[in-house]
Amino acid sequence: MKTADILQITKSSFQSLEPQEENKLVNSFLQKLINMDYRARYTAIKHRQEEDNKDSTNPDIHPMDVQMAVFHCADGFLKQLMVTKLSQCQYSLPLLVPDPFTQQIEFPLWTFREINKSWKKKDFNNEIISQTQPVYKAETPMVAFFRFGSVSSSKSQLINGLINEKPHTFFHRNCSGSSRTRLLMDGVVEIAWYCPSGKNTDAFDDCVAFCNLHGDAAANEKQYEILSSMASVNVLFLPDFGQKNQYKGLVRLLFKSPRPLICLLTDNDCKKTEMGNGKFINGLKDKNLSNVSNQIREIITVSLIKQKNTFKLEDVAKHTGIRVDEEDPECRRGKEAAAQIMGLLRGKDPSTVKETNLPCQGKLWHDWCKINKELRHLQGENLEEDKSTKLKNMREIREEQVAQGLSEFMKTFIETMKSQRDNEKNYFLRWMMNQLDDFTSEKLCGLHKEYGVKWDEVSALKKKPDSPDQLQHEETNLENLSDKISRTSFGLEHILREFGQIYESWSSVTKNKKDNLQFDFCSLPSLAAEMMISGFPMELMDGDAAHIPLSWVTAVLDELVKKLGDQKVFVLSVLGIQSSGKSTMLNAMFGLQFAVSAGRCTKGAFMQLVKISEEMKTELKFDYILVVDTEGLRAPELAGRSTTHRDNEMATFVVGLGNMTLINIFGENPSEMQDILQIVVQAFMRMKNVRLSPSCIFVHQNVSDITAGEKNMEGRRRLQEKLDDTTELAAKEEVSDAEGFSDVIAFDVQNDVKYFAHLWDGSPPMAPPNPNYCENIQELKQTIQTHASKSDGIMLTHLRDRIKDLWEALLSEQFVFSFKNSLEITTYKKLETEYSKWAWSLRSAMLDVENKFYNKIENEAIKIIEEAYLQTELNAKSEEVKKTMYDFFEKDRDAAVLNQWKGFFEIKINQLQENIVRETKIKLNGVLQQRHLKKKIDVERTKHENTLFEKSKELVLKFKEQANDENFMKTQFDSFWKQQTAEIIRDTPLVEDIDILGDVKNILIQNYKRLPLDRMKESSKHKDMISLPSFSEYVQLKRSSGYTAPLKNMYKGAKDMIGRVLSEDDEVQIRSLITDITEHTDKMIQSYNIAKVGYNNSFIQQLIDYIKSRVTQHEEEPKVKYVFKSEFFMDLVLFICHRTNKTFTDQYKMFREANDPVLYFERKSEEYYRIFQKYCQGATSTAIFGEFVCNKLKEPIQQTVYKNTAKDLADETRTNCESLNGNRSNLEKHILRRLAEKHDFEACMTYINNPREHFKNFISSEVSQYITVRFEDSVRPKMENSIKLLEQKITNVAQESTKHVKADSWLCHFALQLSDVLVFSVRDLTGVSHDDVDVSFLDDVIKKELPSIISDIRSKFSTETFPVKLEHTDRPDELLIKHLCDCCWVQCPFCAAICTNTIKDHPGDHSVPFHRNNGLNGWFYRGTTNLAINICTSAVASDGSFCPNSSDDTVLWKEYRKGGPKYKSWSITPDLSELPYWKWFVCRFQEDLEKHYGKTYQGHGKIPDEWRRYSQEEAIKSLDKYI
């Protein structure tokens, strides 16, 4: 049996029922023992029927047989745990144990190594002396009890009467459950210690050991020999001194021994008789046991005064013929390894060894922590310089830590840990704990006594107001003593702390210097994780430094994930006043190993894993309970160290970390209760404000008369009132609207308040734990189970992030403002990615629907578009998306976190669907309208084509005789074609070239004569209006009116003269106006659909009129304090028309190719000549007509192939292109990477000033590159597949249509069947004669002719033709732009970073993974020409301030939300990360930025030297870390 098996949480862990079957006995016994319930020894089967007791063939199992059976089956660690718990229950412990099979005697010395005994005694001056010693080291008198033969009185019962009546230290024949069927106790020697309390009622004045040999001593010679030789006093039980007594020889030897002897005759009633030489005889027959006990106690007391020899547990191992458990190979090797390491400390002062052997965790670590906290209070104008200085100092400290090197002690310890296997490693670690305690205990004991005396002196001086100087001096001495105690304390936790500092310092230096350090520090987290898995507590918060070594804790948890998987844990934390029994409670509840001793035992916070059994995982949704023990609040020794702040910090951290927190209250002191309630309520209120929802249970310990129900009800009522009152007070401080505690946390005062009995059943040190306390522990466990069964727990990776989030927020001292919930952020990003997939699924499906309806419109198969039609077509995909979304919210591992957004995203996906349907309807209705507009053009063109077709037939008939003369016929056809097309061109308006910029100039000259038209001469050098550093040259301040107008106007005039007209907010306002106008004009141009209906210069007029109206509207807004000069309107028009010129010309080019008769008929010439040739060669009308149909299908096929491929390609690119396959944050990361790689400053400024435009350009570039790179292996195969499907569809439809006898019917059916997939209708063949066409052969003709058409289309597939053949809105990059850019574009009011939320109008605040330097946005320090160097996330951690909205009012950076609505809508949490990307960017483009803005990075804006050490590679690599 192993400790891990016993300590894991099972169903029986929460039950307190007596076992009803034999196979449940052991588990029940161990569970009670772990809970420190001394009734564990009386565990027996609860019979269901009384007859069972009468069944002699199936007798009850003796309770001591259960204990010994467990002992024999347990491994060394479980034995040690078991014996330690027996000792805590004040029970006797196995000292010599014969093997039940071989009878070899074992001395389990190892099991005693964890036991300490404390007692008090009076010295010669009658002063009380306190002592605490490990039992294996204690040198005490020992009284040995044994018997010869069978006796009528119980030795064990008599011993109990001597030392402790409650409980029965030694189990005896009269105890409950005892029987004669005892099997495993004969030959067992048990030991117990009597520990005095320093009172007159003590049975003995000093600590005394009592040993009891079970069974006949004569039959257990070795045990008898050891006991009798080591005892200070021997106590022999005999029936009587009869003639037939077979033990005469043994008795005679005892009487001859120099050791005192008490011979008790159970069958004799003789009086106490002293035989001389310390030998006594006393009869027990018919005597009062209490009187006999008193007589024997007196004899022992007198004998011990005379007998000075003492007993030491370790000396038992010196006897031969017995097996010592510590000689087991694994235990021995562990001990030897520990001894070797401890040898390095031999002879050294315990108060100095930590400094020399664990150098990393001393002053250097404490200095680092101090600076790290100061980082949250940056000062001065150049905050980044201050931050860089502090970070540099911290880095230097890390380098100093590394320079210390590994001490021989640590080097040996780490090598030993690495070289050992599991059991051996556990033995080694426990030996280290043991020997470190030995090393420091004496020194610490003296220091604690000295501290106690000094504390009393200080307390007395505080009552004397006339001694302030002396008080201060003594308080300093007390502080020095406290520091010395801290320096002297040396345990395994300090070694692990050194692990952490070695790891943090070496990893920091390695990261910065890239040296190959000669030490594998990366193995340390793995070693610590193994220790946690093995059941050792792990320090979470360093109590001495009051700091969390975040990198170390993160690394250890990462290793846990590697070893266990990303398991779910339920975090159970505890909080309470110092020395209120928190650790004792946790140890009793789960059998843990948190340090327990008098005074302040826990410093900082420790965590320990408790495994959940497989059977319990059906009820609990997690794999482990992570128990977090913490230092006590309101520690007297911390007074004067800002104890209130530290307590609040600890409470907030523990409450935030725990799924449940046990609030431990000790005693009934109203002041202490008020203290802890205030701290706790504030902590829970903070959790509510950051949307964390832990639960809590109040545990009220050491309550008298807990069975009084009325009193408990009254206590609960008072507690509720205090909680509500405290909540009301705390709400004012935390700016909350909570009126009662139930507004802060779900709390049931009836079930979530537990009253605990006193821990001890009597007066220590001999008192056992109170059984009622143990029952209370069990009840608490059941309540915890009830709460835990409703909790999802937290993943280890999420726990790691939660620790970081809580600690970073606490360091900033404004918890709610600074808290960043990484789990929520990560989960929301995951949700954004999924939403993007759902949205694309709907868009992609609607594109298919749109193409289908587009073809129907073009084919005039549909006259009206209704939303209901579109919605019906989309229903199947809509249901699929909703099902996927439902599964995601219900089944994802973070479902509990996702639930808060479920309703919003359900609404959002419905809105998206409605919008997609509405947009598609509008677009298709636009196609309908345009269909009517260009119908005349199409009819004319079709008429001309078909006329040419008929006239070419007439030409063949005219020259039928010369039909075989190919040259002649070619000449005739060319002449005919030239003549006919000339007539057509003459009757058709020419499609002329367009000059967009010329039209712009003409319209401006005609309509805006007052404009500075000379600026148009420089139009080729138009300004990029969005990227301009300032718009001051374009504006002048509005003139004021009223009494003060002259003065105000003079001031404004002065500002105009010096060019400081606009504030930073005005600049942002104007840039936003330009961006809005640009985006709207883009939409206007797309709505014109120039590729279909052609160009009209009225379009330009509409654009200019729109721009003018927007500019005027902006000027008239009440908050706008300026008006635009005419140059602004002029330059804005030219800028927009320049940027849209290509769109106009590209679309018009497509229109012209399709509609310019010259170009069109040039393309058609070859097709018509082939048909003409066939006529000449005597082809049938059916063959000619079939080929004509195929030629008519060529352009529709080509158009459909390109559109289908574009849609499929958009889908594939979104999936396979790394930059486009995630959420908005992912897209931005790749944009930033590309900017760094290209070193294109203009592109960078476009990204900063017009991010949406840059995003569009980037997406287009990515898609274009993807098409170019993947054309042959991806794009062409898609086109080939699409054209193959169309070819198959056409041939199938042609074959199906042959059932129609007449050509008209054939044609109608053929066109109708293709109307979904191709733009082809009967109208396309209007005027073409087909009276003599034989329909039955048409499908053969089409099968024959279509491949050549398909081949011709295929031959033109290329990267050049792909984008050209598509309308603008059908291009894959435009499809993706529409999808990816439909998101939030709000920019940070400080640095202009874009909110990276994928959802437009998203819930909650705007946010961005990392902010950037404010100077990039043109911000500068007021009254200077120095560009701002601050980064938002550093600034909000500082004590500085800013002027919002360019006012003279100042707002603290930490309270930036008070600056106004645009500031309030942003979540900017303090973040002191390195952010290499933007630091590198500023250094790389410093000159460009200074030139662009006309300002410099000097003075307050000086770039810190530290920034210049980042390389481009590091900058790009950092993007993966921060995004």
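Only heavy atoms go into these numbers, but all of them, side chains included; no hydrogens, no water, no symmetry mates.
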A.B. asks: Run the ring-centre check on Phe1144 versus Tyr1088 and record whether the distance is less than 6.0 Å.
C.D. replies: no

A.B. asks: Can you tell which of Arg843, Lys923, Lys1207, Lys921 makes a side chain to side chain donor-acceptor pair (under 3.5 Å) with Glu850?
C.D. replies: Lys923

A.B. asks: Please test Ser1297 against His1309 for side-chain hydrogen bond (donor to acceptor under 3.5 Å, both in side chains), starting from the C-alpha separation and ending with a verdict.
C.D. replies: CA-CA 6 Å; Ser1297 300; His1309 182 269; 2.8 Å; yes

A.B. asks: Looking at Phe888, I'd like to know if the NZ or CZ of Lys837 sits under 6.0 Å from its six-membered ring centre while staying within 45 degrees of the ring's axis.
C.D. replies: no

A.B. asks: Among Phe904, Trp901, Tyr835, find the one that has a ring-ring contact (aromatic ring centres under 6.0 Å, His included) with Tyr828.
C.D. replies: Trp901

A.B. asks: Decide, yes or no, whether a salt bridge links Arg1270 with Asp1273 under the criterion of side-chain N to carboxylate O below 4.0 Å.
C.D. replies: yes

A.B. asks: I'd like to know if the side chain of Ser1219 pairs up with that of Glu1262 as donor and acceptor (distance under 3.5 Å, no hydrogens or angles considered).
C.D. replies: yes

A.B. asks: Looking only at side-chain N and O atoms, does Thr1398 offer a donor or acceptor that is under 3.5 Å from a partner on Asn1223?
C.D. replies: no

A.B. asks: I'd like to know if Lys852 pairs up with Asp848 as an ion pair, taking the criterion as any Lys NZ or Arg NE/NH1/NH2 lying under 4.0 Å from an Asp or Glu carboxylate oxygen.
C.D. replies: no

A.B. asks: For Lys1256, give me all partners under salt bridge (charged side-chain N to carboxylate O under 4.0 Å, His left out), at least two apart in sequence or on another chain.
C.D. replies: none

A.B. asks: Do the charged groups of Lys877 and Glu880 touch, with an N to O distance under 4.0 Å?
C.D. replies: yes

A.B. asks: Are Thr1145 and Lys1149 close enough, and set up right, to give a side-chain contact (heavy atoms from CB on, under 4.5 Å), and what steps lead you there?
C.D. replies: CA-CA 6 Å; Thr1145 52; Lys1149 182 180 179 183; over 6 Å; no

A.B. asks: Could you please spell out the steps behind the side-chain contact (heavy atoms from CB on, under 4.5 Å) verdict for Tyr1202 and Asp1370?
C.D. replies: CA-CA 9 Å; Tyr1202 278 90; Asp1370 295 330; over 6 Å; no

A.B. asks: Identify whether the distance between the nearest side-chain nitrogen and carboxylate oxygen of Lys1378 and Asp1382 falls below 4.0 Å.
C.D. replies: no

A.B. asks: Apply side-chain contact (heavy atoms from CB on, under 4.5 Å) to Thr826 and Asp894, showing your working.
C.D. replies: CA-CA 10 Å; Thr826 305; Asp894 298 317; over 6 Å; no

A.B. asks: So Asp1240 and Cys1244, side-chain contact (heavy atoms from CB on, under 4.5 Å) or not? Walk me through it.
C.D. replies: CA-CA 6 Å; Asp1240 184 343; Cys1244 293; 5.7 Å; no

A.B. asks: Are the aromatic ring centres of Phe1255 and Trp1385 under 6.0 angstrom apart?
C.D. replies: yes

